[in-house]
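So the structure is just underneath, and the comments pick up after that.
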There are 2 protein chains.
Amino acid sequence: MPAEPSSRGHNRDVLSVGQVARRSGVAVSALHFYETKGLISSWRNSGGQRRFPRSVLRRVAVIKAAQRIGIPLSEIADALAALPDGRSPTAADWQRLSDQWRANLDERIDKLVKLRDHLDGCIGCGCLSLESCPLRNPEDIAANAGPGARLFDQTD
Amino acid sequence: MPAEPSSRGHNRDVLSVGQVARRSGVAVSALHFYETKGLISSWRNSGGQRRFPRSVLRRVAVIKAAQRIGIPLSEIADALAALPDGRSPTAADWQRLSDQWRANLDERIDKLVKLRDHLDGCIGCGCLSLESCPLRNPEDIAANAGPGARLFDQTD
DNA sequence: TGGATACCTCAACTTTACTTCAGGCCAGAC
DNA sequence: GTCTGGCCTGAAGTAAAGTTGAGGTATCCA
């Protein structure tokens, strides 16, 4: 077993990129990528290799959780950037993220449920071929029902 | 008002690509794209311009509905290709598609709901930093609980 | 018979989230 | 001290789902 910082003796709170990759289940290339996007950060050792604090594992875990929800990396980056600057994030900080993303998740679920409710009636029957179907013609719904009442988003 | 086949006189059941675009809310370029992917098809008039049967509108509507559900175009193409060859699709044909996609939709909703159920407990608390959290470590769940019991898909 | 649109093809560009590759430098075990 | 495997950078490739642009043709209405 070669080149493994902290495999015995060094600093157990400092991880190489490969160690982070193994422990987080995220590829090294993806970690590089996240770093270029500002989602995580590292310092370099004397040889120019990345070194991460152990806390990066939680950060990566949060990133992955957010991705499963369907949040794009750019938004995850924004959310993470809003974490406190000096101190390390507390449970309350993470909770704020969770709340934020939970709302997003609720919304997505809600949209899919509404879509489901209309799917059977709309594709199977003849209404899809006419302008009056909510499944077919989201714009009309929006136009007729005013703001806040639209069933489906164009941006969906 | 220029170049508009069937705007008066010709064949009301035959549409130009621009007419399809206006009636379906899909850009001309997207219709071209769909055609290259085999999702829709057309014949050409003497001048080489695309002509569509009116039925393409329903097809496009179904494509859009499926996309809102989250089905990739390749799968939509497969599903549409499975429609009867000679005759035009009946309500029962569309119903089969609807059933198929509804199952997919149910599954997606289910996954998101499970994710939601774990989000509060997992990001907010300390468990995310340890190997035992289902939100953090889906692989472990899969490994420990055997097939069929995993909470989250890697491919999600 | 024009002129204004609409339409044609093909290639290249866009975004998101990465992966893969080439060429070359570290780190640690023996 | 050397060798194997880890790590580095930067560029290019991938997939999905289209959009945009260039250069040229069709249609239609007056």
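Protein chains get the first letters and strands the later ones, always in sequence-line order, with residue 1 at the start of each.
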Is there side-chain contact between A:Val26 and A:Val20, with heavy atoms separated by less than 4.5 Å?
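Side-chain contact under 4.5 Å: no.
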Is there side-chain contact between B:Leu83 and B:Arg59, with at least one heavy-atom pair below 4.5 Å?
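Yes, close enough: below the 4.5 Å cut-off.
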Report yes if at least one side-chain N or O of [X] is closer than 4.0 Å to OP1 or OP2 of [N]; otherwise report no.
X	N	value
B:Tyr34	D:dG18	yes
A:His32	D:dC8	yes
A:Arg44	D:dT9	yes
A:Ser16	D:dG6	no
A:Gln19	D:dC7	no
A:Asn45	D:dC7	no
A:Arg50	D:dC7	no

Where each residue is assigned the nucleotide of DNA chain D containing its nearest heavy atom, which of A:Gly48 and B:Ala27 is assigned the position nearer the 5′ end?
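Of the two residues, A:Gly48 wins.
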Contact nearer the 5' end of DNA chain D, comparing B:Val28 with B:Lys37
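Looking at the nearest nucleotide for each, B:Lys37 comes out on the 5' side.
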So does B:Asp93 pair up with B:Arg87, basic N to acidic O under 4.0 Å?
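Judged by the 4.0 Å cut-off on N to carboxylate O distance, B:Asp93 and B:Arg87 do form a salt bridge.
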Name the closest nucleotide to the [X] side chain, picking from [options].
X	options	answer
A:Ser29	D:dT27, C:dT20, D:dT19	C:dT20
A:Ser46	C:dA27, C:dA17, C:dT19	C:dA27
B:Phe33	D:dA26, C:dA27, D:dG18	D:dG18

Minimum heavy-atom distance between B:Gly18 and B:Val28, given as atom pair plus value
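Shortest heavy-atom separation between B:Gly18 and B:Val28 comes out as CA-CG2, 4.2 Å.
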